[in-house]
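Every number for a ligand or one of its atoms is a count from 1 in the order of the listing. Note that the structure is predicted; figures quoted are calculated from it, not measured.
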Amino acid sequence: MAESSIEWTEMTWNPTTGCDKISAGCKYCYAEVMTRRLQAMGIEKYKDGFAIRTHEDTLHIPYTWTSSKVVFVNSMSDLFHPQVPLEFIQKVFAVMNGTPQHTYQVLTKRAQRLYELHHLLNWTKNIWMGVSVEDERVTGRIDFLRETNARIKFLSCEPLIGPLQNMNLENINWVIVGGESGRKARPMKEWWVWDIKQQCDEKDIPFFFKQWGGVNKKKSGRTLGGRTYDKMPV
Ligand code: SF4
C-alpha cells in the first residue's frame, strides 16, 4: 500500500503484481518500468520481475486503514489478467466487500475476461470498475464493461494516443482523459480531448482531465481551456 500521486485516487493497493502487454497503450508501461526498478532495489515483492504473482499477504491491508480511502487497485498489474486465478480475484473482491468504508477503483485492459467473470463477483457499491481505452482500436472494451454488474463504470482514456469519436457512453458513469508522459511520450491532440469532453457533456457524465503529459508533465500541466476538470462520480 502506498500513497499515490495519481490525481484521481488517494492510494494504491497491489494484491497482484506483474503483467504483459496487450495493446498500444501498454507501449511505455509505467508498471513495468517501476517493477524493474523495485526488483533492482531488491524489494521482495518484485523479485520475479514482471511475471504475474498473487500476494496473499496483502489482503489484510485495507482492514488496517483507520480512515476511509479512495484506492486504485493494482497500479502495478491487471487484476483480470488470464494468469490471475478466479479464486484470487474473488478473494480481492471479498476484501473490498468487507471494507465498505473504502472506495476501490479497479482498472483493466482485459475487458473480455472481466465480462466473462463478472457474474461470479460481488459488486458492492464501493467498487468502481474501469477499462482503459487509449484509441479507437479498443473501444470494444467499453461494450464488455457496460454489460457487467459493476455499479460505477468508468473509462480511463490514458494514454490517449488517438481520437475517440462517437463512443457509446450508455451506462458509463465517469471518464478520465490523460496524455502520455515520459521521454518518448506520444502526443495527444487537443481536439481529441475536447471531443471526449463534449461526448461526456451531452450525456451528463463526469469528466476528469488528468494531464497533458509529454516530456515534462509538470510543465505541460492539466488545464484545458484555462481551467481544470476534476469531476468524479457522485
Ligand atoms: S495492461 Fe497495464 S500493467 Fe499490463 S502491460 Fe499494459 S499498461 Fe502495463
Flag the pair [X] and [Y] as a salt bridge only when some basic side-chain nitrogen lies within less than 4.0 angstrom of an acidic carboxylate oxygen.
X      : Y      : answer
Glu32  : Arg36  : yes
Glu158 : Lys210 : yes
Glu134 : Arg141 : yes

Given the side-chain rings of Trp174 and Phe207, with only the six-membered ring counted for Trp, is the space between their centroids under 6.0 Å?
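Ring-ring flag for Trp174/Phe207: false, centres at least 6.0 Å apart.
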Determine yes or no for a side-chain-to-main-chain donor-acceptor pair under 3.5 angstrom, with Asn14 supplying the side chain and Ser75 the backbone.
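Looks like yes, one N/O pair under 3.5 Å.
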Excluding water, the protein N, O or S atoms sitting under 2.8 Å from atom 6 (Fe) of ligand 1 are Cys26 SG
For Tyr229, does the six-membered ring have the charged nitrogen or CZ of Arg227 within the cation-pi criterion, i.e. under 6.0 angstrom from the centroid and within 45° of the normal?
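Relative to the ring axis of Tyr229, which defines the angle, Arg227 lies inside both limits.
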Heavy-atom contacts with Arg110 under 4.0 Å: which atoms of ligand 1 show up? List them by number with element.
1 (S), 4 (Fe)
